[in-house]
Amino acid sequence: MASTLVPADPEAGPDKEVTWEDQQKLNTFNRLNAKVRIIAEEIQTKKEQLLQYKDAEGDIMMLMDEPVVRYQVGEVFFHLSDGEATELVSKHTEHVEQLISQLESESENHTSNVSLLKRALYDKFGKQINLDD
Amino acid sequence: MAAAAGLPNANTQTHSELPSALFIENVDGFMKEFGKPTQVLLEALQKDFSRFKSLERRLTAVRDMLKSKIPEIEKTLETIKFLKTKKDAGATDLSTNFELTSGVWSTAKISNFDNVFLWLGANVMVEYPIDEAIAILEENKSGAAGKLTSTQEDLDFIADQIVITQVSMARIHNWDVTKRRKTSEVS
């Protein structure tokens, strides 16, 4: 937000005063943008995890006739039956999908608040501020 | 800190021991009362900005450390809880492949589901009944989560102070430019 307030324009009138309420809007705008960025990273990580679980689902099916499925929990591979492994992988998949959906709705919420704040700030300050990267 | 230098500060935000930034309600009135050259105030605010940025860096490092610690604890908990479900299902033994040394794996048979050994750090390992181990790790996890929340709150506060300082600096700079222009127009 280095260039939030643009340099004074000789043609424009005097700068509008920034009230404490305006400042808090700017602060919140900044905070929410940062949160959206962080959530996007987390969603990316979770999506990669989900892909791993989906691949694992496929691999487990291919091991149907094997006596043992080696399923990683933590740092080790437990020897499981394919029934157990299938159950475990679908539990994990569901869990990650749920987390992703939670994060996405959180992000959507923040993004819509950011839009509202942006509009309110541009309404008051017009060319005096720049809220776009 | 400009904010602390006895200057009237319209910033009503406070947060634990952290410093607050200078917020100005009315620039014209403030600068008249301040009485000193604009440059003096701008330099003080620049110092504030640097200080807030360095606090931000420190807090971000703490937050990122905690953020990576929690999944580690969760991984450990998941493993122990898995043993517990096996125990509750009446399992007598469970085979695993574990890393004997880097790049070399071997097989182990777990037959004791009653106890686990927790590494407490400082070359100390303690044996715990499985339920107690789970309780300890859950406590560690919630402790870390609590610290993460409070660190994030500190970070949010500092982020606010940074924005306030930037806005104050821009407004004072613009006020100064406008004033100089008026002065040069008159003369």
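In what follows, every chain begins at residue 1, and chains take the letters A, B, ... in the order their sequences are listed.
- For A:Gln72, no part sits under 4.5 Å from any heavy atom of chain B, backbone or side chain.
- Neither the backbone nor the side chain of B:Gln161 comes within contact range of chain A; no heavy atom of the residue lies under 4.5 Å from a heavy atom of that chain.
- For B:Phe98, the parts lying under 4.5 angstrom from a heavy atom of chain A are both the backbone and the side chain.
- Contact record, A:Val18 with B:Phe23: O-CZ, 3.3 Å, taken as the closest heavy-atom pair.
- Other residues, nucleotides and ligands contribute only 12 or fewer heavy atoms inside 6.0 Å of the CZ atom of B:Arg51.
- Note that CD of B:Gln13 is 4.5 Å distant from CH2 of A:Trp20, once rounded to the nearest 0.5 Å.
- With a threshold of 4.5 angstrom between heavy atoms, B:Ile110 approaches chain A through side-chain atoms but not through N, CA, C or O.
- Between the side chain of A:Glu17 and the backbone N or O of B:Val27 there is at least one donor-acceptor pair closer than 3.5 Å.
- In this structure, B:Gln166 CD and A:Asn30 CG are separated by 8.0 Å, a value rounded to the nearest 0.5 Å.
- Highest contact tally toward chain A, considering only B:Asp28, B:Asp156, B:Leu94, B:Leu155, is held by B:Asp156 [criterion: heavy-atom pairs under 4.5 Å].
- In this structure, chain A has no heavy atom under 4.5 Å from any part of B:Thr76.
- Within the 4.5 angstrom heavy-atom criterion, only backbone atoms of B:Ala10 (N, CA, C, O) approach chain A.
- The contact between B:Phe157 and chain A is made entirely by backbone atoms, counting heavy-atom distances below 4.5 Å.
- A heavy-atom distance below 4.5 Å is not found between the side chains of B:Thr96 and A:Glu75.
- Scanning residues 111-135 of chain B against chain A with a 4.5 Å heavy-atom cutoff picks out nothing at all.
- Proximity to chain A (any heavy atom under 4.5 Å) is shown, for B:Lys109, by neither the backbone nor the side chain.
- Only the side chain of A:Glu42 comes within contact range of chain B, with at least one heavy atom under 4.5 Å from a heavy atom of that chain.
- Contacts of B:Glu99 with chain A are absent, with no heavy-atom separation under 4.5 Å from either backbone or side chain.
- In this structure, the separation between CG on B:Asn97 and CZ on A:Phe78 is 10.5 Å, given to the nearest 0.5 Å.
- Within the 4.5 Å cutoff, no side-chain heavy atoms of A:Lys35 are placed close to those of B:Gln152.
- Of the inter-residue distances, the one linking A:Gln23 atom CD with B:Thr12 atom OG1 reads 10.5 Å to the nearest 0.5 angstrom.
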Evaluation steps, side chain to side chain contact (heavy atoms under 4.5 Å, CB included), between B:Lys67 and A:Ile38 | CA-CA 12 Å; B:Lys67 239 180 158 173; A:Ile38 291 177; 3.3 Å; yes
